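These figures come from a predicted structure and were not determined experimentally.
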Amino acid sequence: MTYSGEVTVGGPADVHELTDLMITKIAVGPMNNNAYLLRCRATDEQLLIDAANDAETLLGTIGEDGIASVVTTHQHGDHWQALAEVVTATRPRTYAGREDADGIPVPTDVLVGDGDTIRVGQVELTARHLVGHTPGSIALVYDDPHGHPHVFTGDCLFPGGVGNTRKDPEAFASLIHDVETKIFDALPDETWVYPGHGNDTTLGAERPHLPEWHARGW
């Protein structure tokens with residue numbers, strides 16, 4: 001089946017099969033949050049991005065193999081509602097951005113900064129610190145050696161714009177700067193974008209609209 005990235009709460013997951021990595025996307029909770037289960041195809045080790053809601057569904061997706069790690073992209077509550085239950089059930093290492101960890105009510109084992117590496121089996125993810133939606137939001141970049149990059153952006157980049165900065169010009173300026181310099185300037189148009197809510201996109205689809213985002217200020 002061709003991966004679309006279109007999932008709905010209560011519906012089936014969608015699986016993006018890459019050469020070295022399996023990416024399972026599922027939607028959970030009243031705010032239509034996306035959770036992503038990454039599985040290294042060489043070792044079967046798994047990592048979960050955002051235990052957002054509905055622990056039963058997430059644990060069912062994880063399965064009996066459990067997870068070695070769980071990454072929380074940022075401190076907003078809709079991205080960690082199921083974190084405590086998932087951690088209790090699977091005992092993974094917990095990761096979060098250094099500046100956001102205090103806002104997450106589950107202890108963070110590894111504080112993440114810009115450029116840090118997080119591994120799932122033999123697969124390497126690079127963290128990018130993006131300031132503006134929250135002080136410590138992180139995106140995770142997988143630079144697939146067999147194809148184009150993939151980036152998990154949390155709430156910092158969506159189809160149609162960057163994340164909510166609550167009409168704060170300083171926060172918007174910071175977020176658009178970080179998204180441009182660390183994501184758009186660093187990665188090619190083919191890069192697949194997996195956001196914290198809603199459908200996926202690519203950098204190529206969004207890049208022509210950057211001037212519009214600057215002009216409107218959100």
Applying side-chain contact (heavy atoms from CB on, under 4.5 Å) to Leu58 and Ile26, what does each step give before you reach the verdict?
CA-CA 8 Å; Leu58 295 181; Ile26 192 162; 4.0 Å; yes

Does the side chain of Thr134 come under 3.5 Å of the side chain of Gln75 through a donor N or O and an acceptor N or O? no

Indicate if Leu187 and Val162 have the same hydrophobic cluster label, given that clusters are the connected sets of ILVMFWY residues with side-chain heavy-atom separations under 4.5 angstrom. yes

Within a reach of under 6.0 Å around CG of Asp102, are more than 12 heavy atoms found that belong to other residues, nucleotides or ligands? no

Rounding to 0.5 Å, atoms CG (Asn32) and CG (Asn199) come to a distance of 8.5 Å

When you measure from the side chain of Arg93 to the backbone N and O of Val110, does any donor-acceptor pair fall under 3.5 Å?
no

More than 12 non-hydrogen atoms from neighbouring residues, nucleotides or ligands closer than 6.0 Å to CH2 on Trp218, yes or no?
no

NE2 of His16 to CG of Asp200, rounded to nearest 0.5 Å, is 8.5 Å

So His76 and His133, would you call those rings parallel, tilted or perpendicular, with 30° and 60° as cut-offs? perpendicular

Query raised in the report: Under 4.5 Å between side-chain heavy atoms, hopping through other hydrophobics if needed: is there a path connecting Tyr142 to Ile118?
Result: yes

Will you find, in the side chains of Asp78 and His197, an N or O donor that is under 3.5 Å from an N or O acceptor?
-> yes

Margin query: Taking Leu140 as the starting point, is it possible to reach Leu18 by hopping between hydrophobic residues whose side chains are less than 4.5 Å apart?
Written below: yes

>> If you apply the rule side-chain hydrogen bond (donor to acceptor under 3.5 Å, both in side chains), what do you find for Thr19 with Asp144, and how did you get there?
In response: CA-CA 8 Å; Thr19 302; Asp144 186 354; 5.3 Å; no

Rounded to the nearest 0.5 Å, the CZ atom of Phe152 sits from the CG atom of Asp50 at a distance of 11.0 Å

Worksheet item: Any chance NE2 of His209 has more than 12 other-residue heavy atoms, nucleotides or ligands included, within less than 6.0 Å?
Response: yes

Note to self: Tell me whether Glu170 at atom CD has more than 12 heavy atoms from other residues, nucleotides or ligands lying less than 6.0 Å away.
What the structure shows: no

message: One pair to check against side-chain contact (heavy atoms from CB on, under 4.5 Å): Ile62 and Val86. What are the steps and the verdict?
response: CA-CA 10 Å; Ile62 290 167; Val86 167; 4.3 Å; yes

Heavy-atom donor-acceptor pair, Asp20 side chain to Arg41 backbone, under 3.5 Å
no

To the nearest 0.5 Å, atom CD1 of Ile67 lies from atom CG of Leu48 at 5.0 Å

Rounding to 0.5 Å, atoms CD1 (Ile183) and CG (Leu130) come to a distance of 5.0 Å

Would you find a donor on one side and an acceptor on the other, under 3.5 Å apart, between the side chain of Glu206 and the backbone of Gly160?
yes

Between Thr43 and Gly121, the two heavy atoms sitting closest are OG1-CA, 3.3 Å

Note to self: Treating Asp178 as the side-chain partner and Val131 as the backbone partner, does any N or O pair qualify as donor plus acceptor under 3.5 Å?
What the structure shows: yes

Quiz item: Within the distance-only criterion (no hydrogens, no angle test), does the side chain of Glu190 pair as donor or acceptor with the backbone N or O of Pro149 below 3.5 angstrom?
Solution: no

Next on the checklist: When you measure from the side chain of Thr94 to the backbone of Pro107, do you find a donor-acceptor pair of N or O atoms at a distance under 3.5 Å?
Outcome noted: yes

Could you check whether Asp100 and His74, counting side-chain N and O atoms only, form a donor-acceptor pair closer than 3.5 Å?
no

Side chain Thr153, main chain Cys156, donor-acceptor under 3.5 Å: no

Below 30° counts as parallel, above 60° as perpendicular, anything between as tilted: where do the rings of Tyr194 and Tyr36 land? perpendicular

Here the pair of heavy atoms bringing Gly103 nearest to Trp80 is O-NE1, 3.8 Å

Open item on the list: For the CE atom on Met22, are there more than 12 heavy atoms of other groups (residues, nucleotides or ligands in this structure) within a distance under 6.0 Å?
Closed with: yes

His129 and Ile138 have their tightest heavy-atom pair at CA-CG2, 4.4 Å

Exercise for the section: Apply side-chain contact (heavy atoms from CB on, under 4.5 Å) to Ile49 and Leu38, showing your working. Expected result: CA-CA 8 Å; Ile49 299 175; Leu38 280 54; 4.0 Å; yes

*If we ignore angles and hydrogens, is there a donor and acceptor under 3.5 Å between the side chains of Thr126 and Asp143?*
no

In terms of side-chain heavy atoms, does Asp116 have a donor or acceptor partner in Tyr95 at a distance below 3.5 Å? no

Rounding to 0.5 Å, atoms CH2 (Trp192) and OH (Tyr3) come to a distance of 7.0 Å

Check: Are any side-chain N or O atoms of Asn53 and backbone N or O atoms of Pro30, one a donor and one an acceptor, separated by less than 3.5 Å?
Finding: no

Any donor-acceptor N/O pair, Asp14 side chain to Lys25 backbone, under 3.5 Å: no

#### Entry: Audit row: Gln81, Val28, side-chain contact (heavy atoms from CB on, under 4.5 Å) steps and yes/no
CA-CA 10 Å; Gln81 291 297 309; Val28 292; over 6 Å; no

